[in-house]
Amino acid sequence: VVSGAEDDLDDNNFVSTFGGNNSSYATMVRDLDVDSSGNIYAIGWVNYDYVTEGTDIYLIKYRKDGSVAWSKHLYANSYGTDHDEGYNIKVGSSGDIFFSGTTRYQSFSGIGGWSNIVGRINSSGVLQWLRVVGGNSDDEARTMALDSSDNVYVGGMTNNVGSNTMGLIVKYNSSGTLQWQRYMGNVGSGASTWIYGMDLDSSGNIYVVGTHTPAGSTARNYIGKYDSSGVRVWERTIYSDSVHTSDLSIDSSDNIYAIARSAYGSKYVVMKYNTSGTIQWQKNFADSAGAYVILTDIYAASDGYIYMTGGARITGSDNSDDVIMIKIDSSGTIISQRGLGEIGYSNQQPTSREDRGYGIKVTNDHIYVCGWTESIDTNSTPSASHKGLVFKVPNDDGATLYGTYDTSANDGVTTSNLITYGGLGQVGGVDYMAKPQTTAYTLTGTSYSEASVTFYSNGDSSSYQNEENAASAFTNTAIDTA
């Protein structure tokens, strides 16, 4: 595609899978974002036969018609069984792309175990800068936010402050210069704090959601507000005993919507807070037929609705999770529910196949979801491990969801038959987009006890952490280019 010719492309709906067709290899896609021209950027990690050092960060760009502009893997130049994993990606105001994840590269002085990795690439996939921050023990980045000046905020955990796991927020400016790093959590044997989700309000305040386990107690959901310097404003816990990934998103009126798992019946809870930390409502997903829902990402869109993705068993007798897309209004009322995947078994898919959504973004016209799939496969013998999944469907509450989706944008790009790009319509006689919509779920008001909490520790972590320019230690290589 000639530069500047993107507006001439068709704005297609598509489904794309990629990854190993061998059971030894898997691909995970954890996040995606969309630029003003409709280009889609996704991030995750890969484990193929040509990946000799564990896993590599995987970055891919789709044009708005579903064709692949480029795809790259980022890996350490030399380190035994290195593992690099990409978790978050954001399009900046300049059009460049910012991303974060974790790495086990341990050749930097004073950095060991898992460390946070943060980088910037341009829209052509060329690496601009790359940083690693960590200490002698583990750090893991799980979430990221970007402000209007392209300052980067990364959230996760650190084991480098005292003897406990602490929540961690690190800020970089757009040039990759470390601005500050802050930790939060409690002391005491067994205490633990993780940050899994992050967003910014219109004033630049930072909101995080995760899990907190006090010493000698059980885990509970945690949500906190910090100012633009990372200093605590308020923190809350809600006693739903969560040890799973949670997330949050902030709408244009600075309302905070969070998702987390409840211990009661393994249900997922949706919560709405105001900027003062007062809970407005909380609801959980229930289904009398025995089906269940897992929520992994939430997005407050500009149309005023809230969108979520994850996995669900569409019927009580279903044997495999399918990707789910749920739309609610600001009061928590379900507007629409849709599933993508295969219900039960078929001749092509004779065993249980799981599908899961991990990232969701929404424009006025489209919904974009990424994740992984075991059921949607182009091969007569489907992969026994995860394949990467990115799809784009109309934002019309399912009115035109059904039918065969465009395949003309397929670039036909392959690498030793391990990667396949392009749209999928009918595969082996199965139309994966024509499955029944998910309608089994209801949102029921619930009331888990909530408390204000003040973590004993909330301070500067720079004396515990080391930061390195990692660009020369990593290679950013094209897997295939369209």
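The figures here come from the full heavy-atom set of this structure, side chains too, leaving out hydrogens, waters and symmetry mates. The first residue of the sequence shown is numbered 1, and numbering continues consecutively from there.
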Could you walk me through whether Ile360 and Ile367 pass the side-chain contact (heavy atoms from CB on, under 4.5 Å) test, one step at a time? CA-CA 7 Å; Ile360 187 167; Ile367 298 175; 3.9 Å; yes
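- The side-chain hydrogen bond (donor to acceptor under 3.5 Å, both in side chains) contacts involving residues 359-371 comprise Asn13-His366, where partners must be two or more places apart or lie in separate chains.
- Tyr87 is linked by a ring pair (Phe, Tyr, Trp, His ring centres under 6.0 Å) to Trp45, counting only residues two or more places apart in sequence or in another chain.
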Given side-chain contact (heavy atoms from CB on, under 4.5 Å), test Lys387 with Thr373 step by step and report yes or no. CA-CA 5 Å; Lys387 298 189 72 173; Thr373 178; 4.1 Å; yes
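- The shortest side-chain heavy-atom distance between Gln128 and Val126 falls under the 4.5 Å cut-off.
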Please step through side-chain contact (heavy atoms from CB on, under 4.5 Å) for the pair Phe98 and Val118, ending with a clear verdict. CA-CA 8 Å; Phe98 298 82; Val118 186; over 6 Å; no
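- Using a 4.5 Å heavy-atom cutoff, the side chains of Trp194 and Glu140 are in contact.
- Paired with Arg142 under the rule side-chain contact (heavy atoms from CB on, under 4.5 Å), one option of Asn116, Val154, Ile195, Thr102 passes, and it is Thr102.
- Lys225 places no side-chain N or O within donor-acceptor distance of the main-chain N or O of Asn205, the cut-off being under 3.5 Å.
- Looking only at side-chain heavy atoms (C-beta outward), Leu248 and Tyr273 stay at 4.5 Å or farther from each other.
- Of the possible donor and acceptor atoms, none in the side chain of Asp56 sits under 3.5 Å from a partner among the backbone N and O of His73.
- Proximity of a side-chain donor or acceptor of Asp31 to a complementary backbone N or O of Ile89 within less than 3.5 Å is detected.
- Between Leu130 and Ile117 there is a side-chain heavy-atom pair separated by less than 4.5 Å.
- Side-chain contact between Tyr305 and Val362 is absent, with no heavy-atom pair separated by less than 4.5 Å.
- Using a 4.5 Å heavy-atom threshold, the side chains of Thr309 and Tyr299 count as separate.
- Atom OG1 of Thr333 is separated from atom CD1 of Ile306 by 11.5 Å, given to the nearest 0.5 angstrom.
- Note that CG of Asp139 and CG of Leu168 are 6.0 Å apart. Values are rounded to the nearest 0.5 Å.
- Aromatic pair Phe14/Tyr62: ring centres closer than 6.0 Å.
- Under a 3.5 Å cut-off, the side chain of Lys283 and the backbone N or O of Ser331 do form a donor-acceptor pair.
- Within the 3.5 Å criterion, the main-chain N or O of Lys64 finds a donor-acceptor partner in the side chain of Lys392.
- In this structure a side-chain-to-backbone donor-acceptor pair under 3.5 Å is missing from Arg120 to Asp96.
- Side-chain contact between Thr211 and Tyr196: present, with at least one pair of heavy atoms (C-beta onward) separated by less than 4.5 Å.
- Remark: Lys327 pairs with Asp397 by the salt bridge (charged side-chain N to carboxylate O under 4.0 Å, His left out) rule, at least two apart or across chains.
- A donor-acceptor pair is defined here as one N or O able to donate and one able to accept, closer than 3.5 Å; no such pair exists between the side chain of Trp129 and the backbone of Thr177.
- In this structure, Asn221 and Val209 have side chains that are not in contact, with every pair of non-hydrogen atoms separated by 4.5 Å or more.
- The side-chain contact (heavy atoms from CB on, under 4.5 Å) test with Ile60 is passed by exactly one of Leu32, Val68, Ile43: Val68.
- Judged purely by atom type and a 3.5 angstrom limit, Trp372 has no side-chain atom pairing as donor or acceptor with the backbone of Tyr358.
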Give the C-alpha distance, both sets of side-chain angles, the deciding distance and a yes or no for side-chain contact (heavy atoms from CB on, under 4.5 Å) between Ser246 and Tyr222. CA-CA 9 Å; Ser246 48; Tyr222 139 65; over 6 Å; no
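- Side-chain atoms of Lys171 do not come within 3.5 Å of backbone N or O of Asn151 as any donor-acceptor pair.
- Counting only N and O atoms by type, the side chains of Ser253 and Asn255 include no donor and acceptor under 3.5 Å apart.
- A side-chain contact (heavy atoms from CB on, under 4.5 Å) with Tyr307 is found for exactly one of Ile335, Ile328, Asn395, Val369, namely Asn395.
- Using modelled atom types, one side-chain atom of Asp254 and one backbone atom of Ser202 make a donor-acceptor pair closer than 3.5 Å.
- Residues Trp70 and Asn122 approach most closely at CZ2-O, 4.3 Å, considering heavy atoms.
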